[in-house]
Protein chains: 2
Amino acid sequence: MRSTKQRNIILDIINSSYEHLDAYGVYEKAREKIPNISLGTVYRNLNSLENAHLINVIFDGSDKLRYDRNENHQHFICTKCHKIIDIYDLDFKNVKTYQNNLVMNYKIVLEGICEECQKEE
Amino acid sequence: MRSTKQRNIILDIINSSYEHLDAYGVYEKAREKIPNISLGTVYRNLNSLENAHLINVIFDGSDKLRYDRNENHQHFICTKCHKIIDIYDLDFKNVKTYQNNLVMNYKIVLEGICEECQKEE
DNA sequence: AATTAAATAGTAATCATTACTAGTTGGAAG
DNA sequence: CTTCCAACTAGTAATGATTACTATTTAATT
């Protein structure tokens with residue numbers, strides 16, 4: 001992965017934001033620095049940065065993905081308005097509520113490379 | 001939520017399958033029972049069943065969502081081929097591997113209704 | 001049996017994301 | 001420093017999963 005002006009700016013936007021931006025939001029912020037940056041470039045870099053484990057994707061239940069810093073924390077996601085709240089103090093012994101948010105269920109996903117894909121190439 | 005033939009069959013397909021079907025896969029299985037069922041009906045019912053917490057959605061990193069039984073278990077998802085593996089014996093003390101799958105990172109999401117949305121109606 | 005809101009089939013529309021193309025550039029190797 | 005080329009970019013077109021729409025049907029209550 002080469003270091004380009006576009007990629008560095010996109011990574012910086014994600015790392016310095018606490019807004020859980022979607023691709024278009026990143027695009028808008030990136031245009032402040034590079035006015036003619038292409039939306040396709042933003043998508044391509046968000047994907048490659050995610051593959052390189054430099055940023056994270058969040059599926060919030062809406063039709064668009066959101067992007068997040070690569071920092072150890074968890075999320076509460078509202079199933080009505082799709083708001084994302086960062087969690088730094090998760091206590092699994094009592095998760096019926098988190099602060100004043102009502103928790104209905106939780107999901108744990110391990111991500112990685114499966115046995116078959118490890119064998120390839 | 002009314003009980004319809006279509007909705008009951010869709011719920012039954014999800015509950016009796018271990019394949020983590022996507023919407024089109026559910027549609028294909030549903031057509032075996034109701035040949036002229038509409039794809040829109042499948043999408044609409046998958047959404048309403050999920051809102052009613054009768055089934056679960058899984059985001060596997062691909063461009064389509066997948067649907068799962070509402071049963072307490074977790075998932076390993078391969079970031080290369082998007083394979084989903086059910087986990088019934090998650091041990092958080094050692095998650096560098098799960099069986100022979102290499103775990104790169106994990107995500108925990110609490111889902112529910114945020115403080116603001118609880119106030120509404 | 002009448003009523004009506006919710007659901008359906010079939011089709012059209014949306015729009016987030018990806019693909020494509022011609023031109024540009026990072027950075028490795030001489 | 002120059003050459004070189006795979007990786008990258010801007011701009012635009014295409015894709016396709018999902019949702020919206022409309023006329024008709026139906027669950028289930030009174």
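Hydrogens, waters and symmetry mates are skipped; everything else that's a heavy atom, side chains included, is used. Quick caveat, the model's predicted, so the values are computed rather than measured. A note on names: the letters A, B, ... follow the listed sequences, proteins ahead of strands, and every chain is numbered from 1.
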Rounded distance in Å - [atom1] ([X]) to [atom2] ([N]):
X       : N      : atom1 : atom2 : answer
A:Leu49 : D:dT9  : CG    : P     : 10 Å
B:Leu21 : D:dA17 : CG    : C1'   : 16 Å
B:Asn45 : D:dA27 : CG    : P     : 13 Å
B:Ile37 : D:dT25 : CD1   : P     : 17 Å
B:Ile34 : D:dT26 : CD1   : P     : 12 Å
A:Asn36 : D:dT9  : CG    : C1'   : 9 Å
B:Leu46 : C:dA7  : CG    : C1'   : 15 Å

Over 60° means perpendicular and under 30° means parallel, so classify the ring planes of A:Phe59 and B:Phe59, tilted if in between.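 Aromatic pair B:Phe59/A:Phe59 classed parallel.
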
Quick one: are B:Asn101 and A:Leu110 in side-chain contact, heavy atoms under 4.5 Å?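 Not touching, per the 4.5 Å side-chain cut-off.
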
Is there a side-chain contact between B:Val57 and B:Arg66 (heavy atoms, below 4.5 Å)?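 With C-beta onward as the side chain, the pair stays apart.
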
Counting only side-chain N and O atoms of B:Gln6, is one of them less than 4.0 Å from OP1 or OP2 of D:dT26?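 The answer is no; no side-chain N or O of B:Gln6 sits under 4.0 Å from OP1 or OP2.
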
B:Thr41 side-chain N/O to C:dA9 phosphate OP1/OP2 under 4.0 Å: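 Answer is yes, contact under 4.0 Å.
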
Between C:dT8, C:dA9, D:dA10, which one does the side chain of A:Ser38 approach most closely?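 For A:Ser38, the side-chain atoms sit closest to D:dA10.
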
So, does B:Asp60 use its side chain to make a donor-acceptor pair with the main chain of B:Ile84 at under 3.5 Å?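 Between the backbone of B:Ile84 and the side chain of B:Asp60 there is no qualifying donor-acceptor contact (under 3.5 Å).
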
B/S/- contact track for nucleotides 17-30 of chain C, protein heavy atom under 4.0 Å: BB------BBS---

Under 6.0 Å between ring centres: does that hold for A:Phe92 and A:Tyr106?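 Between A:Phe92 and A:Tyr106, the centre distance is under 6.0 Å.
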
Among A:Ile58, A:Ile14, A:Ile55, find the one that has a side-chain contact (heavy atoms from CB on, under 4.5 Å) with A:Asp68.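 When A:Ile58, A:Ile14, A:Ile55 are each tested with A:Asp68, the side-chain contact (heavy atoms from CB on, under 4.5 Å) holds only for A:Ile58.
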
